[in-house]
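Have a look at the structure below before the remarks.
Numbers here simply count residues along the sequence, with the first being 1.
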Amino acid sequence: MLTTAFVPGTPNWLDLAAPDVEAAVAFYTSVFDWEFQSAGPEAGGYGFFRRNGEVVAAVGPLGAEGDPSWTVYFHTRDADATRAAVQRAGGTVRAAPMDVFTAGRMAQFTDPAGADFAVWQPRETVGLDVVMEPETLCWTELHTTDAAAVRDFYTSVFSWSYEDMPMGDGLVYSVFSAPGGGTPEDTGQGGLMQLTQEHREAGSASEWHPYFATEDCDATFTRATGAGASTLMPPTDAPGVGRLALLRDPAGATFALIKGDPDQG
C-alpha cells in the first residue's frame, strides 16, 4: 500500500500537466473536495491541490510537447544516479535532473514501452502530505504495450519485485513492490498490466495513471462525467478489490476512482 514514509522506488509525488490550468482546477475542485493554491509567480503557473489543508497533488501548464496527463513521481535519493540507471536499462530522458528551488530535485523519463514517469529527490518538500484517504492518491497503475520489457526495466531502475495475479483470458496483473516499501504482509504500491491488441487498436498507449480513493465510486463518477470527463470504464465491481472506474478529464488526462472492498481493508 502507499504511505508517506517514502523509500526509494515508491510513489511520492503526483502532478497534472494541463493545457489550461484554470480549467483543470475548476474540474478537479468540482469532482473532489480540493482547493488550489498557487506556488507563486516564480513557479510559472504551477500550484498545489489541497484537501483539508494537506497537499494531495499538483498541477501545472502543459509544455510545448506532450499530451495532457498525470505524472507519477517515484522517490529517489539521487536523481542523477537514477538518470544513469534509466539510460542503462533502455529508457530515455525527457527532462534532465534539475533543482526545484530548495524543495528538491526532479527528473522526467520515458520507459522502453513509451510510458512517461518522473522521480523526486526530496529536500525541503518530502512528498505528498497524505495518501490512502478519501479523495487522495491510493494506487498507481501502468498500462503498457510490453509488460515483459518494462518489468525488467523498472526492476533494474528501482529494484521492484512483482506478484502476479491472473485475470483470465491469459492476462496477468502484476503488483509491484519497492524494497522497504511495506511489511511482507502489506506490500504493493501499484500495478502493471499488458494492453491487449483490442486496447491498442482502440488507440490506447503505454501510460501511468493515478487512482483516487472515494467513499462512493458512482457518485464521484457522476460528478466527473457531469463536469465533462469521458468514460473509459464505468463503475465496475472487481471481486476482492472494490468498485472502480476509469476516466479521462475534459483535457484528456487519464485517472481512476476506487472504493476499496471493505473485506480487504
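Asp164 meets the salt bridge (charged side-chain N to carboxylate O under 4.0 Å, His left out) test with Arg151; sequence neighbours excluded. The salt bridge (charged side-chain N to carboxylate O under 4.0 Å, His left out) search around Arg77 returns none, not counting sequence neighbours. In this view, Thr125 and Trp13, Ala103, Trp120 satisfy the side-chain contact (heavy atoms from CB on, under 4.5 Å) rule, not counting sequence neighbours. The side-chain contact (heavy atoms from CB on, under 4.5 Å) test applied to Pro19 returns Leu62, Pro68, Ala251, not counting sequence neighbours. Qualifying side-chain contact (heavy atoms from CB on, under 4.5 Å) partners for Asp146, counting only residues two or more places apart in sequence or in other chains: Ala113, Ala148, Ala149. Glu22 pairs by the side-chain contact (heavy atoms from CB on, under 4.5 Å) definition with Asp20, not counting sequence neighbours.
Applying the ring-ring contact (aromatic ring centres under 6.0 Å, His included) test to pairs two or more places apart or on separate chains, those with a residue in residues 81-115 are Phe109-Phe117. For residues 28-38, the set of pairs meeting the salt bridge (Lys or Arg N to Asp or Glu O under 4.0 Å) definition, not counting sequence neighbours, is empty. Counting only residues at least two apart or on different chains, the salt bridge (Lys or Arg N to Asp or Glu O under 4.0 Å) pairs with a member in residues 81-93 are Asp80-Arg83. Residue pairs meeting the salt bridge (Lys or Arg N to Asp or Glu O under 4.0 Å) criterion with at least one member in residues 38-64, sequence neighbours excluded: Arg51-Glu135.
A distance-only check finds no donor-acceptor pair linking the side chain of Thr71 to the backbone of Leu14 [under 3.5 Å]. Using a distance-only test at 3.5 Å, with no hydrogens or angles considered, no donor-acceptor pair links the side chain of Trp139 to the main chain of Phe212. Between the side chain of Gln108 and the backbone N or O of Val93 there is no donor-acceptor pair closer than 3.5 Å. Put simply, the side chain of Gln121 never gets that close to the backbone of Thr76: no donor and acceptor are under 3.5 Å apart. Without hydrogens or angle criteria, Thr155 side chain to Asp152 main chain gives no donor-acceptor distance under 3.5 Å.
Nearest heavy atom pair, residue Asp249 against residue Tyr28, reads OD2-OH, 2.7 Å. Heavy-atom minimum distance, Ala39 versus Phe48: CB-CE1, 3.8 Å. Taking every heavy atom of both residues into account, Pro11 and Gln189 meet most closely at CD-CB, 3.7 Å. For Ala256 against Leu246, the heavy-atom pair with the smallest separation is CB-CD1, 3.8 Å. Taking every heavy atom of both residues into account, Ala107 and Ala96 meet most closely at CB-C, 4.2 Å. Here the shortest heavy-atom pairing between Ser30 and Arg223 reads O-CD, 3.8 Å.
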(request) Determine, stepwise, if the pair Phe49 / Val59 fulfils side chain to side chain contact (heavy atoms under 4.5 Å, CB included). (result) CA-CA 7 Å; Phe49 286 118; Val59 59; 3.7 Å; yes

(request) Using the salt bridge (Lys or Arg N to Asp or Glu O under 4.0 Å) rule, take Arg243 and Asp216 through it: C-alpha gap first, then chi angles, then the decisive distance, then the call. (result) CA-CA 9 Å; Arg243 188 162 175 82; Asp216 187 330; over 6 Å; no

(message) Before you tell me yes or no, could you show the steps for Trp160 and Phe74 under ring pair (Phe, Tyr, Trp, His ring centres under 6.0 Å), namely the whole-Å CA-CA distance, both residues' side-chain angles and the distance that decides it to 0.1 Å?
(response) CA-CA 12 Å; Trp160 286 351; Phe74 299 95; 5.4 Å; yes

(request) List the steps and the verdict of side chain to side chain contact (heavy atoms under 4.5 Å, CB included) for Leu257 and Leu247. (result) CA-CA 8 Å; Leu257 308 170; Leu247 306 105; 3.8 Å; yes

(request) Would you please test Val56 and Asp129 for side chain to side chain contact (heavy atoms under 4.5 Å, CB included) and show each step? (result) CA-CA 6 Å; Val56 298; Asp129 289 335; over 6 Å; no

(request) In sequence, state the C-alpha distance, the side-chain angles, and the governing distance for Met193 and Val172, and then conclude on side chain to side chain contact (heavy atoms under 4.5 Å, CB included). (result) CA-CA 7 Å; Met193 63 179 291; Val172 175; over 6 Å; no

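Exactly one of Tyr154, Phe255, Trp70 qualifies for a ring pair (Phe, Tyr, Trp, His ring centres under 6.0 Å) with Trp208. That residue is Tyr154.
A donor-acceptor contact closer than 3.5 angstrom is absent between the side chains of His143 and Glu207. Between the side chains of Glu124 and Thr102, at least one donor N or O lies within less than 3.5 Å of an accepting N or O. Residues Ser161 and Ser177 bring no donor and acceptor atom of their side chains to less than 3.5 Å of each other.
The OG1 atom of Thr82 sits 11.0 Å away from the CD atom of Gln87 when rounded to the nearest 0.5 Å. The line from OG of Ser174 to CD of Gln194 is 10.0 Å long, rounded to the nearest 0.5 Å. Separation of atoms CG (Asp67) and CG (Asp116) is listed at 9.0 Å; rounding is to 0.5 Å. Between atom OG1 of residue Thr10 and atom CG of residue Leu2 there is a gap of 8.0 Å, rounded to the nearest 0.5 Å. Atom CZ of Phe27 sits about 10.0 Å away from atom CG of Leu16, to the nearest 0.5 Å. Separating the SG atom in Cys217 from the CD1 atom in Ile258 is a distance of 8.0 Å, to the nearest 0.5 Å.
Within 6.0 Å of atom CD in Glu163, 12 or fewer heavy atoms from other residues, nucleotides or ligands are found, so the atom counts as exposed in its surroundings.
Here the side chains of Thr4 and Val131 are in contact, with some heavy-atom distance below 4.5 Å. By the 4.5 Å heavy-atom criterion applied to side chains, Thr214 and Phe32 are not counted as neighbours. Between Pro122 and Asn12, the closest side-chain pair of non-hydrogen atoms falls below 4.5 Å. Using a 4.5 Å heavy-atom threshold, the side chains of Tyr173 and Tyr162 count as separate.
Grouped with Val126 in one hydrophobic cluster are Phe6, the linkage being side-chain heavy-atom contacts under 4.5 Å among Ile, Leu, Val, Met, Phe, Trp and Tyr residues.
The existence of a salt bridge linking Arg123 and Asp99 is confirmed by a sub-4.0 Å separation between a basic side-chain nitrogen and an acidic carboxylate oxygen.
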Let me check something: any side-chain donor-acceptor pairs from residues 224-235 under 3.5 Å, sequence neighbours excluded? List them with distances.
{"unit_1": "Thr225", "atom_1": "OG1", "unit_2": "Phe221", "atom_2": "O", "d": "3.0"}
{"unit_1": "Thr225", "atom_1": "OG1", "unit_2": "Thr222", "atom_2": "O", "d": "3.2"}

